[in-house]
There are 2 protein chains.
Amino acid sequence: MTEEQGSRGAGGRPVATTHAAIEQATFRLFRERGFEGTTLDDIAREVGVSRRTLFRYFPSKNDIAWGQFDRTLETFRETLATMPEELPLHEAVHRAVVAFNVYDEHADPPHRERMHLILTTPALSAHSVHRYADWRAVIAEYVAARRGLAPTDPLPEVVSQVALALALSAYTLWLREPGPSLRRRLEDALLDLRAYLA
Amino acid sequence: MTEEQGSRGAGGRPVATTHAAIEQATFRLFRERGFEGTTLDDIAREVGVSRRTLFRYFPSKNDIAWGQFDRTLETFRETLATMPEELPLHEAVHRAVVAFNVYDEHADPPHRERMHLILTTPALSAHSVHRYADWRAVIAEYVAARRGLAPTDPLPEVVSQVALALALSAYTLWLREPGPSLRRRLEDALLDLRAYLA
DNA sequence: AAAGTAACTGCACCGGGTGCCACAACGGAC
DNA sequence: GTCCGTTGTGGCACCCGGTGCAGTTACTTT
């Protein structure tokens, strides 16, 4: 449930809802009526707040689907930071990516439902570019730090783009049919790439 | 200028404009007022048609920026199809990607301006996911055909995603500063990836 | 001149998103 | 208990992209 309201500054009107509550109500509606079939008025009514208030919690309808992704990015950054220096760069990045994606397997709403929604809804898959850019920036920073480069240099750019490409392939295949685990899909994607380039 | 109106069926009111005319007027306005600062009413006025008519030529404001991309995809498909069978798969894909992107270097509006607009405007870079998906599908089909797989199998999926990743890296670097040519950037991206994985 | 046809226009409407301001609900000071 | 500062909420007006529909315009054919 991930309680919110930690360390609320003194005074002021109490909040009427939480990110988590909005997220859950929203997913419930998306499940029933689909993404396009659900208006922000519907969500506001379901949550019990005004439409205007929704925008104080999420900057757009699209963003609700990603929840507080920026929070989990912090975890990702830490995971990368704690990778042993001895590990080859590609190995460190790969392990961190796997750890990051296997991590919130039991999130709420469930990982699979969220990713399925995102990857099959046109508006969401388009909007997600911005979340992916944030994710890539984390990788680019790590690569740049380890190689003494700027995050805007060629290598960090290429590595972060390719890492995303592999992750997206893995997710697409994983969501299409309930065969191998996501972890397995991620491993296989890398193997396929290596075999392809060899 | 790419004249349109080839083989117009008999009868009916003549067209009031062309895709090319709309594209040019639009880029002029984007250059002056920016993407967000330009409304569809502005464009319609500039072109000399009604707002409603714009939607008969382009499905959305975003799509104007890509022009008739689907046409150029046909070229891409043919380029791939004529690659020698003897060439290793990765080599064939790579050469086709390079040829495709160096091809319309002298397009109108200019290649560089278009790509800069697309990659720096948030709404456009998000929307472009759909064009990229079309582009990837062409690659996936080729890979599938050569390997006797379905386009939805792992290898075609991974290869098309990675090819896009490399292309996007190359474009990003190419647009950021006027150093090496786009062709060079594409070559280097692949070299960087190989070095990274080695 | 009339009929047929294809494209354009105008209008009403929907939904996401924003700026602005008034108001509600709390805690603290006295 | 009252007043005050604080902070989130609510309502409203408005902008803009996008769609459905119905009517009109301009050309070709017979």
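This is a predicted model, so every value here is computed, not measured. A note on names: the letters A, B, ... follow the listed sequences, proteins ahead of strands, and every chain is numbered from 1.
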> About how many Å separate OG1 of B:Thr39 and CZ of B:Arg45, when rounded to the nearest 0.5 Å?
Replying inline: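 Spacing of CZ (B:Arg45) from OG1 (B:Thr39) equals 6.5 Å.
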> Could you give the distance from CZ (B:Phe69) to CZ (B:Arg114), rounded to the nearest 0.5 Å?
Replying inline: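 That separation rounds to 9.5 Å.
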Can you check the [X] [atom1] to [N] [atom2] distance for me, whole Å?
X: B:Leu29; N: D:dG17; atom1: CG; atom2: P; result: 12 Å
X: B:Ile22; N: C:dA7; atom1: CD1; atom2: C1'; result: 13 Å
X: B:Lys61; N: C:dG16; atom1: NZ; atom2: P; result: 18 Å
X: A:Asp41; N: D:dC12; atom1: CG; atom2: C1'; result: 13 Å
X: B:Leu40; N: D:dG17; atom1: CG; atom2: C1'; result: 6 Å
X: B:Arg56; N: D:dG18; atom1: CZ; atom2: C1'; result: 13 Å
X: A:Glu36; N: D:dG17; atom1: CD; atom2: P; result: 18 Å
X: B:Leu54; N: C:dT9; atom1: CG; atom2: P; result: 9 Å

Can you tell which of [options] lies closest to the side chain of [X]?
X: B:Phe55; options: D:dT9, D:dG18, C:dC8; value: D:dG18
X: B:Arg13; options: D:dT7, C:dG16, C:dA7; value: C:dA7
X: B:Ser60; options: D:dG8, D:dG18, C:dG17; value: D:dG18

> Base, sugar-phosphate alone, or nothing: which one does B:Thr53 contact when heavy atoms must sit under 4.0 Å apart?
Replying inline: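 It contacts base atoms.
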>> Could you check, using the six-membered ring where one of them is a Trp, whether B:Tyr132 and B:Trp135 have ring centers closer than 6.0 angstrom?
In response: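 Here the rings of B:Trp135 and B:Tyr132 have centres that are no less than 6.0 Å from each other.
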> Can the ring centres of B:His111 and B:Tyr171 be said to be less than 6.0 Å apart?
Replying inline: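 Centroid distance B:His111-B:Tyr171: below 6.0 Å, so yes.
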> Taking atom types as modelled, is there a side-chain donor on A:Thr53 or A:Ser50 under 3.5 Å from an acceptor on the other?
Replying inline: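 Looking only at side-chain atoms, A:Ser50 and A:Thr53 do form a donor-acceptor pair, the distance falling under 3.5 Å.
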> If we ignore angles and hydrogens, is there a donor and acceptor under 3.5 Å between the side chains of B:Thr172 and B:Ser169?
Replying inline: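 Absent: no donor and acceptor within the cut-off.
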> Is the B:His127 ring parallel, tilted or perpendicular to the B:His130 ring (thresholds 30°, 60°)?
Replying inline: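 Ring orientation of B:His127 relative to B:His130: perpendicular.
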> Hey, does the side chain of B:Tyr57 come within less than 4.0 Å of C:dA7's phosphate (OP1/OP2), counting only N and O?
Replying inline: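 No, because none of the side-chain N or O atoms of B:Tyr57 sits under 4.0 Å from OP1 or OP2 of C:dA7.
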> What are the residues of residues 45-52 of chain B, sorted by number, that bring a heavy atom to within less than 4.0 Å of DNA chain D?
Replying inline: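 Close to the strand are B:Arg51, B:Arg52.
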